[in-house]
Amino acid sequence: MTTTNPHHSIVIIGGGAAGAGMAHRVVEQLKCTDVAVIEPSEVHYYQPMWTLVGAGIVNRKTTARNMADLLPRQANWIKERVASVDPDQKVVTAEGGNKIGYDWLIVAAGLKLDWERVDGLSKEIVGQHGICSNYSYDTVDDTWEMLRNFTGGTALFTMPPMPIKCPGAPQKIAYLAEDYFRRKGIRDRCTVHYLTATPGIFGVKKYADALTNRVLKPRDIQTSYRHNLVAIRPEAREAVFENLDSGETVVHQYDMIHVTPPQSPPDFVKNSPLANEAGWVDVDQYTMRHVRYPNVFALGDCAGSPNSKTAAAVRSQAPVVVRNLAAAMGGGDLKAQYDGYGSCPLVTRYGRVILAEFLYGGEVRETFPFDQGKERLSMYLLKRYVLPLVYWKGLVKGRQWPKPVPRDFGSGHDPL
Ligand code: FAD
């Protein structure tokens with residue numbers, strides 16, 4: 001339903017993993033009848049599945065649903081893109097010029113893919129000249145197309161500077177590609193090279209060690225750390241990297257390249273008083289409330305909390321936001337705290353996953369009573385079949401489904 005009502009009690013910006021679920025929570029749990037969701041897209045995407053789409057395991061159509069079917073009927077869906085926010089006046093302005101006032105604002109607008117920050121790269125060029133990317137619905141099919149048609153040569157996989165969404169995704173597709181080349185019988189003709197701006201393979205030591213010793217070394221996957229893709233020359237099939245330590249320029253020839261685009265906060269956040277120094281919504285990392293505007297909360301990828309930007313994090317942030325919003329609306333103290341939970345199902349080959357789970361500061365907090373640093377079929381089946389249900393039936397419906405496991409059993413969280 002679309003409305004022209006210029007003021008709402010609660011306004012949510014974004015109808016993605018974070019915004020759709022929050023809309024259900026404020027309608028169903030807070031019984032708020034005056035809620036608006038500002039979201040321009042007709043389609044909602046389950047992005048975590050794009051890793052398996054790029055590897056030819058899942059059809060991309062299964063990752064898309066109509067936005068209209070996901071948002072709660074009781075909420076007013078304003079099908080527009082936010083251009084600016086004035087938190088002093090409590091007004092959001094859409095690109096078309098419409099102004100929407102609010103009492104309470106929840107910012108859940110995700111992040112922006114900056115393809116053009118790599119010289120010579122654009123979203124339009126992906127799919128040509130051996131360039132592919134799992135990072136958008138429009139391009140994810142090209143990855144599988146290029147893997148299938150690969151007959152040997154050099155395959156590069158890149159990761160830009162953090163923060164990005166799902167920091168594990170750039171390497172997951174490298175592992176799947178390597179496994180695919182092996183199964184196809186062409187591995188001895190392929191060089192698989194993962195180049196990342198980060199100083200190591202993963203931010204949590206337990207999983208970094210597991211990946212190095214169980215995946216990278218035995219399978220001869222080359223790595224270059226602190227290497228940032230700065231330019232691409234599609235005709236010549238050359239990728240230009242800056243060595244972030246020495247400042248040197250390094251050029252690699254490729255036959256195919258999987259690019260993870262640089263990422264940044266949404267412009268309307270970056271250019272508003274809501275932003276922190278880096279441009280993300282300046283929230284308290286525990287309460288998820290804005291540090292200067294007490295009637296503003298944020299969650300998901302646009303939030304400035306120093307967690308790993310994942311849908312799994314959203315699932316832990318959402319109950320905190322709704323409880324703290326309820327407390328704030330009632331004039332009480334904010335008691336709920338987000339502990340920084342993030343999870344990353346590291347698909348290390350077809351049918352195997354290392355399930356990384358951790359809190360703020362990289363503290364390991366695993367759900368299952370076995371060593372999650374090992375590659376497991378069970379964790380792959382979780383990723384492939386269970387987590388999509390957790391997403392569609394739980395997260396975006398605003399439900400903690402299935403119920404979190406008790407604290408003394410596992411992490412008390414659920415991966416996604
Ligand atoms: P999104 O889900 O991206 O939603 C943002 C919404 O805001 C969109 O609907 C958009 O249209 C809307 N919007 C944007 N700008 C505006 C504006 N100006 N005005 C109004 N609305 C706006 N996470 C995991 O937990 N596990 C995984 O295995 C995993 N794998 C991933 C693999 C890939 C390839 C990718 C790309 C992501 C992966 N993620 C994974 C990350 C996960 O998808 C995101 O962290 C999650 O979707 C964040 O939710 P969000 O609501 O903040 O952003």
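In listed order, ligands and their atoms are each counted from 1. The chain is numbered in sequence order, starting from 1.
For Ser41, no nitrogen or oxygen atom sits less than 3.5 Å from a nitrogen or oxygen atom of ligand 1, counting backbone and side chain alike. For Cys302, no nitrogen or oxygen atom sits less than 3.5 Å from a nitrogen or oxygen atom of ligand 1, counting backbone and side chain alike. Ligand 1 has an N or O atom lying under 3.5 Å from an N or O atom of Asp301, backbone or side chain. At least one N/O-N/O distance between Ala311 and ligand 1 falls below 3.5 Å. Residue Gln47 has at least one nitrogen or oxygen atom sitting less than 3.5 Å from a nitrogen or oxygen atom of ligand 1, judged on distance alone. By the 3.5 Å distance cut-off applied to N or O atoms, Leu299 is not counted among the residues near ligand 1. The distance criterion of under 3.5 Å between nitrogen or oxygen atoms is met by Glu39 with respect to ligand 1.
Under a 3.5 Å cut-off, the side chain of Lys309 and the backbone N or O of Ala303 do form a donor-acceptor pair. Looking only at distances, a side-chain donor or acceptor of His24 sits under 3.5 Å from a matching main-chain atom of Leu70. Side chain of Thr93 to backbone of Ala83: no donor-acceptor contact under 3.5 angstrom is found.
Using cut-offs of 30° and 60° for the angle between ring planes, the Tyr360 and Tyr286 rings count as perpendicular. Taking the six-membered ring where tryptophan is involved, the planes of Tyr207 and Phe202 are perpendicular, since the angle between them exceeds 60° and thus also 30°.
Neither the backbone nor the side chain of Tyr45 comes within 4.0 Å of ligand 1, counting heavy atoms alone. Under 4.0 Å from ligand 1, the heavy atoms of Ile38 that appear belong solely to its backbone. Residue contacts with ligand 1, taken as heavy atom pairs separated by less than 4.0 Å, involve Pro48 via backbone and side-chain atoms alike. With a 4.0 Å cut-off on non-hydrogen atoms, Lys172 touches ligand 1 through its side chain and not its backbone.
Annotation for Phe370: atom CZ counts as buried by contact number, over 12 foreign heavy atoms lying within 6.0 Å. Other residues, nucleotides and ligands contribute only 12 or fewer heavy atoms inside 6.0 Å of the CZ atom of Arg323. Within 6.0 Å of CD on Glu277 lie no more than 12 heavy atoms contributed by other residues, nucleotides or ligands.
Among the candidates His258, His252, Arg237, the single residue satisfying the side chain to side chain contact (heavy atoms under 4.5 Å, CB included) test with Leu156 is His252.
Residue-ligand proximity, Phe268 to ligand 1, at heavy-atom distances under 4.0 Å covers atoms 17 (C), 18 (N). Counting the atoms of ligand 1 from 1 in the order shown, those under 4.0 Å from a heavy atom of Lys309 are 45 (O). Residue Pro40 has at least one heavy-atom neighbour below 4.0 Å for each of these atoms of ligand 1: 20 (C), 21 (N), 22 (C). Of all atoms in ligand 1, listed by their number and element, those nearer than 4.0 Å to a heavy atom of Tyr135 are 36 (C). The atoms of ligand 1 that sit less than 4.0 Å from any heavy atom of Arg81 are 15 (N), 16 (C), 17 (C), 18 (N), 19 (N). Near Ile13, meaning under 4.0 Å from any of its heavy atoms, are these atoms of ligand 1: 19 (N), 20 (C). Less than 4.0 angstrom separates some heavy atom of Ala312 from each of these atoms of ligand 1: 25 (O). Near Ala169, meaning under 4.0 Å from one of its heavy atoms, ligand 1 places the atoms 32 (C).
Relative to the ring axis of Tyr46, Arg65 does not place its NZ or CZ within 45° and under 6.0 Å from the centre.
Closest approach of Glu366 to Lys206, counting heavy atoms only: OE2-NZ, 3.1 Å. Nearest approach of Ala313 to Ser308, heavy atoms of both residues: CB-O, 3.6 Å.
Considering Gly300, Ser133, Ala109 only, the shortest heavy-atom separation from atom 7 (O) of ligand 1 involves Ala109.
Within the structure, the closest approach of Met49 to ligand 1 does not fall below 4.0 Å when heavy atoms are considered. Residue contacts with ligand 1 include Lys383, since one or more of its heavy atoms lies under 4.0 Å from the ligand. The closest approach between Pro266 and ligand 1 stays at or above 4.0 Å for every heavy atom of the residue.
For Thr196 and Thr198, the side-chain atoms include at least one donor-acceptor pair closer than 3.5 Å.
Put simply, CE on Met67 and NE2 on His44 are 6.5 Å apart, with the number rounded to the nearest 0.5 Å.
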